[in-house]
Novice: 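This is the structure, below, for whatever I ask next.
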Number of protein chains: 2
Amino acid sequence: MEPLLTLERYLPYRLSLLSNKISETVAKTYKDKFAISITEWRIMAVLGEYPGISADEVSLKTHIEKSLISRAISKLLKRKLLCRNISEDDKRRSELVLSNTGYEVYEEIVPLSLEYERKFLASLSQQEQEVLSSLIDRLSQHAESISL
Amino acid sequence: MEPLLTLERYLPYRLSLLSNKISETVAKTYKDKFAISITEWRIMAVLGEYPGISADEVSLKTHIEKSLISRAISKLLKRKLLCRNISEDDKRRSELVLSNTGYEVYEEIVPLSLEYERKFLASLSQQEQEVLSSLIDRLSQHAESISL
DNA sequence: CTAAAATAGTTGCTATTGCAACTAATGTCA
DNA sequence: TGACATTAGTTGCAATAGCAACTATTTTAG
């Protein structure tokens with residue numbers, strides 16, 4: 001009856017704790033300051049980068065399931081943080097952009113986000129940060145190939 | 001209206017994607033092969049390591065909220081994967097252990113888990129794996145200090 | 001010794017999740 | 001052209017999450 005696994009040292013578990021801790025901290029700030037969820041923020045973030053894309057493209061870029069995207073977009077539309085057009089050439093598709101208000105909020109949240117990233121990485125040297133970044137890229141790419 | 005943030009390159013986001021991808025893959029296997037959720041598995045894993053601890057200690061060790069722990073334990077008790085005693089010296093506390101069946105399942109899942117860990121890390125050299133492990137430790141420790 | 005505070009665990013309630021079914025529009029191919 | 005498949009987006013529903021309130025004990029202080 002020896003323990004066969006040390007959960008505390010199990011890498012997927014540790015990665016999950018770290019990621020959740022960071023996400024929760026950031027989420028709390030977005031929620032407290034802007035009443036916006038992480039899902040909503042990710043939608044706004046990709047629309048800041050790719051104005052005019054469809055809900056489906058938002059789903060692909062954020063890796064968020066399309067029903068969540070649909071509901072989050074409704075909410076953001078109600079709050080007038082987004083604008084939606086129906087595409088001329090394909091009436092199923094929407095064309096989404098940040099509204100003026102939405103862009104103002106975006107401009108406020110972005111520096112906050114970057115500051116969080118900086119803070120979380122602050123215990124690592126510049127070089128270590130680059131190593132980490134590259135390791136994550138490689139692991140992500142590899143993980144894709146495993147979980148087909 | 002320039003994009004101010006590249007979500008794809010935002011580290012907390014990338015970390016979250018990686019962690020979710022791994023967790024989902026592992027979770028699917030546990031669910032398909034053993035009809036066990038990640039929460040249930042984490043409970044079993046800490047009980048394999050620390051037989052006889054209380055629900056509260058399980059909650060602390062897994063970082064899972066105590067109502068989730070309570071409900072998951074009920075389920076595991078119904079399936080006879082755990083045994084529960086009321087502590088003699090403190091009648092509020094439970095003393096939880098894996099049942100014989102529970103331990104058998106544990107013994108089956110552990111090698112599977114370790115194999116997943118190995119597979120996900122397989123694209124890194126031994127040395128890189130150690131670097132990653134140490135970076136995660138340092139980031140986790142630092143993240144704790146930030147989000148007080 | 002006793003009243004108040006703290007702790008272990010359970011349960012109620014609401015919000016979020018995510019799959020699947022559905023509608024509407026477009027694409028494919030005989 | 002016209003049936004069939006595919007795609008974009010929405011909605012229904014069941015499962016899960018997590019906060020807060022509650023019960024039952026135990027601990028602490030006066």
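No hydrogens, no waters, no symmetry mates; every other heavy atom, side chains included, goes into these values. Numbered from 1 within each chain, the chains take letters A, B, ... in sequence-line order.
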Novice: Between P on dA8(D) and CD1 on Ile86(A), what's the gap in Å once rounded to a whole number?
Specialist: 14 Å
Novice: Using whole Å, report how far CD1 of Ile73(A) lies from P of dG9(D).
Specialist: 7 Å
Novice: Relative to the 5' end of DNA chain D, which residue comes earlier, Ser94(A) or Arg92(B), by the nucleotide with the nearest heavy atom?
Specialist: Ser94(A)
Novice: Please identify each residue that fulfils side chain to side chain contact (heavy atoms under 4.5 Å, CB included) with Arg138(A), with sequence neighbours left out.
Specialist: Ser134(A), Leu135(A), Leu124(B), Glu128(B)
Novice: Roughly, in whole Å, what's the span from CD in Glu88(B) to C1' in dT26(D)?
Specialist: 16 Å
Novice: Linking I/L/V/M/F/W/Y whenever their side-chain heavy atoms sit closer than 4.5 Å, directly or via other members, would Leu60(B) and Leu17(A) fall into one cluster?
Specialist: no
Novice: Please identify the 5'-most and 3'-most nucleotides of DNA chain C with any atom under 4.0 angstrom from a heavy atom of chain A.
Specialist: dG18(C) to dT26(C)
Novice: Only counting residues at least two apart or in another chain, list the ones meeting side chain to side chain contact (heavy atoms under 4.5 Å, CB included) with Glu8(B).
Specialist: Tyr50(A), Thr6(B)
Novice: The criterion is ring pair (Phe, Tyr, Trp, His ring centres under 6.0 Å); which residues satisfy it with Tyr10(B), sequence neighbours excluded?
Specialist: none
Novice: Not counting sequence neighbours, list each pair that qualifies as a salt bridge (charged side-chain N to carboxylate O under 4.0 Å, His left out) and has a residue in residues 94-118 of chain A.
Specialist: Glu115(A)-Arg118(A)
Novice: Who passes salt bridge (charged side-chain N to carboxylate O under 4.0 Å, His left out) against Arg9(B), sequence neighbours left out?
Specialist: Asp137(A)
Novice: Would you kindly give the CD1-to-P distance between Ile69(A) and dT11(D), to the nearest whole Å?
Specialist: 15 Å
Novice: Compile the donor-acceptor pairs under 3.5 Å between side chains in residues 65-73 of chain A and protein atoms, sequence neighbours left out, one pair per line.
Specialist:
residue	atom	partner	partner atom	Å
Glu65(A)	OE1	Ser67(A)	N	3.1
Glu65(A)	OE1	Ser67(A)	OG	2.4

Novice: Going by salt bridge (charged side-chain N to carboxylate O under 4.0 Å, His left out), name the residues that satisfy it together with Lys61(A), two or more places apart in sequence or in a different chain.
Specialist: none
Novice: Quick one: do the Thr62(A) and Tyr13(B) side chains pair a donor with an acceptor below 3.5 Å?
Specialist: no
Novice: Heavy atoms under 4.0 Å, any strand shown: does Ser74(B) hit a base, just sugar-phosphate, or nothing?
Specialist: nothing
Novice: How would you summarise protein contacts on nucleotides 12-20 of chain D per nucleotide, using B for base, S for sugar-phosphate only and - for none, with heavy-atom distances below 4.0 Å?
Specialist: BB---BBB-
Novice: Applying side-chain hydrogen bond (donor to acceptor under 3.5 Å, both in side chains), which residue pairs with at least one partner in residues 77-87 of chain B are found, sequence neighbours left out?
Specialist: none
Novice: Who are the side chain to side chain donor-acceptor pair (under 3.5 Å) partners of Ser54(A), not counting sequence neighbours?
Specialist: Glu57(A)
Novice: In residues 52-60 of chain A, which residues come under 4.0 Å of DNA chain D by heavy atom?
Specialist: Ser54(A), Ala55(A), Asp56(A)
Novice: Lys91(A) or Glu95(B): which one's nearest nucleotide on DNA chain C is closer to the 5' end?
Specialist: Glu95(B)
